[in-house]
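Okay, so here's the structure we're looking at.
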Amino acid sequence: MTRERLAGAARVALGGGRRLERVERVAGGSKKGVYRLVMDDATTAIAYLWDDTENYWPAAEGDDDLTDPFSPGLGLDLFEAAHARLDALGVRVPAIRLVDRDGTHCPADLAVVEDLPGENLEVLLARDPRAAAPVMARLGEALEAMRRHRAPRYGKVAVVEAGGTSRGTSCEEVVLDRALRDLAEAASRDPRIAGARDRLEERLLGLAAAVRPRAEYAAVHGELGPDHVLVDPDGNPVLIDIEGSMYFDVEWEHVFLRIRLHDAYRPLEAAGLDEHRLALYTLAQRLSLTAGPLRLLDGNFPDRAPMAGIAEHNLKKTLDLARA
């Protein structure tokens, strides 16, 4: 059925009298379907399909509230707004070949974009750190361009650039509220977190109290792990899974990068980051990376062992921070 739905979109997106030969599911997507379209002349493209059947995350109250910066980044509107902003900043993103929000080709939001079938940054770093060095340098330049672009309000790019306002009064308040929810969820699923819940809550409140107000916010990807950075044939980093892009504290981005890249993060280090925000956001993200995978495993997500490993690793890091 997916192939039949995508055949017409592929012909329009890639043209030239080509015919869709096969559709290959691309591993890794948990909120949308990601498919490689292979034409009869070996031309390829990637289809993003935002359909409820492609979303493995259990539904939760507030999922559709775009005023929550951390609500799921779902749908073509968020993708297009983030794509336009990043492209305008000179940040490499896959070129858009076709968008369909009217159901012309599929009964769900659809985008067909440029295919970049080579290694992602995670694989390149593991295989050849020396070859990854210029890619990391260019990624640092992209991050700096995003950091320099400021907005007077925080929230999803689509919301802020349409003049909207997000919930809460500050980034740190939104993060604290989310972290307390993640703590409650993780404690309900694992007795080790339950045993440390009071200490973790006290730690979160103390860290949040030390953060001073801020009035400008940078453009950030939000979940910029090395698996969300492809490498094009010219060695340029290409950001994907961009729907969650937002205006927020730049420290949120750098905490995520530190967690995902470990020692390989060093080329991306940025001066002038707020240590109080870094401390709060580190604990908050460890809790998120514990509660989120545990929540995902409540459903029928297929790649279960790696997801359980992510939860266990971050659970242990969370407990370490509780004892700090």
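In this chain, numbering begins with 1 at the start of the sequence shown.
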Polar side chain donor-acceptor pair, [X] to [Y], under 3.5 angstrom:
{"X": "Thr43", "Y": "Arg18", "value": "yes"}
{"X": "Asp102", "Y": "Thr104", "value": "no"}
{"X": "Asp241", "Y": "His228", "value": "yes"}

Presence of salt bridge, [Y] and [X], under 4.0 angstrom:
{"X": "Arg22", "Y": "Asp40", "result": "no"}
{"X": "Asp320", "Y": "Lys316", "result": "no"}
{"X": "Lys317", "Y": "Glu312", "result": "no"}
{"X": "Asp190", "Y": "Arg192", "result": "yes"}

Which atom pair, heavy atoms only, marks the closest approach of [X] to [Y]?
{"X": "Leu66", "Y": "Lys156", "answer": "O-CD, 3.9 Å"}
{"X": "Asp227", "Y": "Asn120", "answer": "CA-ND2, 3.9 Å"}
{"X": "Asp65", "Y": "Ser71", "answer": "O-OG, 2.9 Å"}
{"X": "Leu200", "Y": "Ala322", "answer": "CD2-CB, 3.5 Å"}

Should the pair Phe79 and Trp50 be assigned to parallel (<30°), tilted (30 to 60°) or perpendicular (>60°) ring geometry?
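Tilted: the ring planes of Phe79 and Trp50 meet at 30° to 60°.
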Plane angle bin for Phe248 and Phe70 - parallel if under 30°, tilted between 30 and 60°, otherwise perpendicular
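It falls in the perpendicular class, over 60°.
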For residues Leu205 and Leu176, determine if any side-chain heavy atom of one lies less than 4.5 Å from a side-chain heavy atom of the other.
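They are in side-chain contact.
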Could you tell me whether the side chain of Arg304 and the main chain of Leu297 form a donor-acceptor pair under 3.5 Å?
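A pair under 3.5 Å: yes.
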Take Asp182 and Arg295 through the test salt bridge (Lys or Arg N to Asp or Glu O under 4.0 Å) and record every step on the way to the result.
CA-CA 10 Å; Asp182 285 335; Arg295 187 185 318 126; 3.4 Å; yes
Could you check whether atom NE2 of His276 has more than 12 heavy atoms from other residues, nucleotides or ligands sitting under 6.0 Å from it?
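No, NE2 of His276 has 12 or fewer neighbouring heavy atoms, counting only those of other groups under 6.0 Å.
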Decide yes or no on salt bridge (Lys or Arg N to Asp or Glu O under 4.0 Å) for Asp298 and Arg189, but give the supporting numbers first.
CA-CA 10 Å; Asp298 284 347; Arg189 289 174 168 86; 2.4 Å; yes
Report the C-alpha distance between Lys32 and Glu243 in whole Å, list the side-chain angles of each, state the deciding distance to 0.1 Å, and finish with yes or no for salt bridge (Lys or Arg N to Asp or Glu O under 4.0 Å).
CA-CA 11 Å; Lys32 65 178 179 290; Glu243 296 95 305; 3.0 Å; yes
Leu74 with Met246, same ILVMFWY side-chain cluster at under 4.5 Å:
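Cluster IDs for Leu74 and Met246 differ.
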Check the pair Asp109 / Arg101 against salt bridge (Lys or Arg N to Asp or Glu O under 4.0 Å), numbers first and verdict last.
CA-CA 5 Å; Asp109 282 355; Arg101 59 166 45 84; 5.6 Å; no
